[in-house]
Amino acid sequence: MWHKILFLLVMINAISNYQSMTTVFAQYKKVISKSEEANVFLYATQLDRKNGMYRDFEMKIDGGTRYFPYWMNVTNPTYAPRILYNDLNQGENKDLTIVLTKGYGTGVLDSEVHVLNKSQTNIGEIYEEVLVDNPIAIILKNVKTKLTQHEAVVSIGDKNTVINIGKFQIPPDHLFKDVAFGSIVKFDVVDNQLVASIGAQITPAMFIGTIEITYEFKDKMYQPKKIEFKSD
């Protein structure tokens with residue numbers, strides 16, 4: 001008899017704790033971004049209070065809910081997720097582009113992009129995420145660089161851009177071994193085309209320009225259509 005009573009007390013306590021945890025999580029679930037044009041609402045849970053990150057994303061769209069548990073975004077409202085609604089693949093429907101910010105600071109902006117195309121399936125039209133080629137991987141495969149104390153060289157195909165950095169009189173121990181990419185990664189939609197902008201850096205505090213990658217929808221994914229270097 002006492003064993004049954006003890007078991008019931010343990011179960012009641014467990015259920016009470018679960019309900020309390022659910023209530024706590026529910027308090028932090030909120031709308032962090034929306035698009036009235038696309039009728040999209042992004043919900044997230046602030047699970048990581050120390051680092052100020054939103055996780056456990058839910059997207060309310062077309063009367064349904066899509067779950068993205070591994071998406072992350074900083075809680076600073078200045079860098080709230082951006083929801084862009086454009087026709088990126090020249091199809092019959094507009095596409096959703098979600099730009100997330102995972103980190104920011106002086107000379108740092110770490111962005112991530114997710115593109116969802118509307119497609120016809122057996123259960124009707126739904127949004128499906130489409131792979132976007134990683135911009136850093138694109139640079140590593142298509143861009144060659146060289147850095148000395150006097151000049152920085154950025155080569156894309158047959159085009160070489162030479163920048164005189166000797167005039168800045170940068171101490172040799174401040175220079176990187178080569179031109180670096182990745183501290184600043186931005187995404188935007190320009191003229192219905194997905195564009196990534198990646199800063200080209202030669203010291204922790206000095207950028208010499210930007211690599212711009214224009215994407216196109218090809219072979220069921222977004223691949224580089226054009227790669228350009230724009231010097232500052």
Side-chain angles (χ1 to χ4, degrees), residues 50-53 71-82 84 86 88 97-115 130-219 221-232:
K50 179 180 179 182
N51 297 314
M53 298 296 293
W71 286 10
M72 294 190 300
N73 200 95
V74 298
T75 56
N76 187 334
T78 302
Y79 299 96
R82 298 174 61 209
L84 308 176
N86 308 85
L88 297 182
T97 303
I98 313 296
V99 182
L100 304 175
T101 300
K102 299 191 296 181
Y104 65 93
T106 303
V108 175
L109 183 63
D110 182 13
S111 299
E112 181 178 275
V113 70
H114 298 272
V115 178
V130 181
L131 181 65
V132 177
D133 207 350
N134 185 289
I136 303 301
I138 292 172
I139 290 174
L140 292 175
K141 289 186 288 185
N142 296 278
V143 180
K144 295 181 179 180
T145 60
K146 182 180 178 181
L147 181 62
T148 69
Q149 190 175 352
H150 304 288
E151 65 181 22
V153 182
V154 179
S155 303
I156 303 175
D158 297 329
K159 184 176 181 180
N160 300 322
T161 302
V162 181
I163 300 172
N164 176 18
I165 64 171
K167 59 185 178 181
F168 300 121
Q169 298 182 346
I170 302 171
D173 59 339
H174 287 191
L175 278 175
F176 292 152
K177 292 182 178 180
D178 202 349
V179 180
F181 302 94
S183 291
I184 292 183
V185 179
K186 300 178 182 179
F187 291 94
D188 208 340
V189 174
V190 181
D191 297 328
N192 286 332
Q193 296 182 103
L194 179 64
V195 177
S197 302
I198 302 93
Q201 198 170 0
I202 59 173
T203 77
M206 186 172 184
F207 291 82
I208 58 171
T210 304
I211 297 285
E212 286 195 358
I213 301 171
T214 303
Y215 289 85
E216 65 176 340
F217 186 69
K218 183 179 179 182
D219 298 329
M221 65 177 291
Y222 287 94
Q223 303 183 30
K225 176 183 178 181
K226 182 172 63 174
I227 307 172
E228 295 180 292
F229 175 70
K230 297 184 177 181
S231 59
D232 289 342

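Remember, predicted model here, so these are calculated numbers, not experimental data.
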Pairs touching residues 103-112 that satisfy side chain to side chain donor-acceptor pair (under 3.5 Å), sequence neighbours left out: Asn76-Tyr104, Lys102-Glu112, Glu112-His114

Separation of Thr145 OG1 from Leu140 CG (nearest 0.5 Å): 9.5 Å

Donor-acceptor contact below 3.5 Å, side chain Gln223 vs main chain Lys218: yes

Any donor-acceptor pair under 3.5 Å from Asn73 side chain to Tyr79 backbone: yes

Separation between CD1 of Ile211 and CD1 of Ile184, rounded to the nearest 0.5 Å: 13.5 Å

Rounded distance [0.5 Å steps], CG in Leu175 versus CG in Leu147: 5.0 Å

Verdict with supporting geometry, Leu109 and Val185, side-chain contact (heavy atoms from CB on, under 4.5 Å): CA-CA 6 Å; Leu109 183 63; Val185 179; over 6 Å; no

Approximate separation, where rounding is to 0.5 Å, of Thr214 OG1 and Gln193 CD: 6.0 Å

Heavy-atom side-chain proximity of Asp188 to Lys186 below 4.5 angstrom: no

Side chains of Ile213 and Asn142 in contact at under 4.5 Å (non-hydrogen atoms): no

side-chain contact (heavy atoms from CB on, under 4.5 Å) between Tyr215 and Leu88, intermediate numbers included: CA-CA 9 Å; Tyr215 289 85; Leu88 297 182; over 6 Å; no

Asn134 side chain vs Ile136 backbone, donor-acceptor pair below 3.5 Å: yes

Spatial distance of atom CD1 (Ile165) from atom CD (Gln149) [nearest 0.5 Å]: 8.0 Å

Ile163 side chain reached by Asp232 side chain, heavy atoms, under 4.5 Å: no

Student check: side-chain heavy atoms of Thr78 and Thr101 closer than 4.5 Å: no

By side-chain contact (heavy atoms from CB on, under 4.5 Å) - contacts of Val113 (at least two apart): Thr97, Val99, Val115, Val132, Phe187, Leu194

Verdict with supporting geometry, Thr210 and Ile198, side-chain contact (heavy atoms from CB on, under 4.5 Å): CA-CA 5 Å; Thr210 304; Ile198 302 93; 5.6 Å; no

Val74 side chain reached by Met53 side chain, heavy atoms, under 4.5 Å: yes

Non-hydrogen atoms of Phe229 and Ile156 that approach each other most closely: N-CD1, 3.7 Å

From Ile202 atom CD1 to Phe168 atom CZ, the distance as rounded to the nearest 0.5 Å: 7.0 Å

Results of salt bridge (Lys or Arg N to Asp or Glu O under 4.0 Å) for Lys230 - residues two or more places apart only: Glu212

More than 12 heavy atoms from other groups under 6.0 Å of CG on Asp158: no

Note, Pro224 side chain near Asp133 side chain (heavy atom, < 4.5 Å): yes

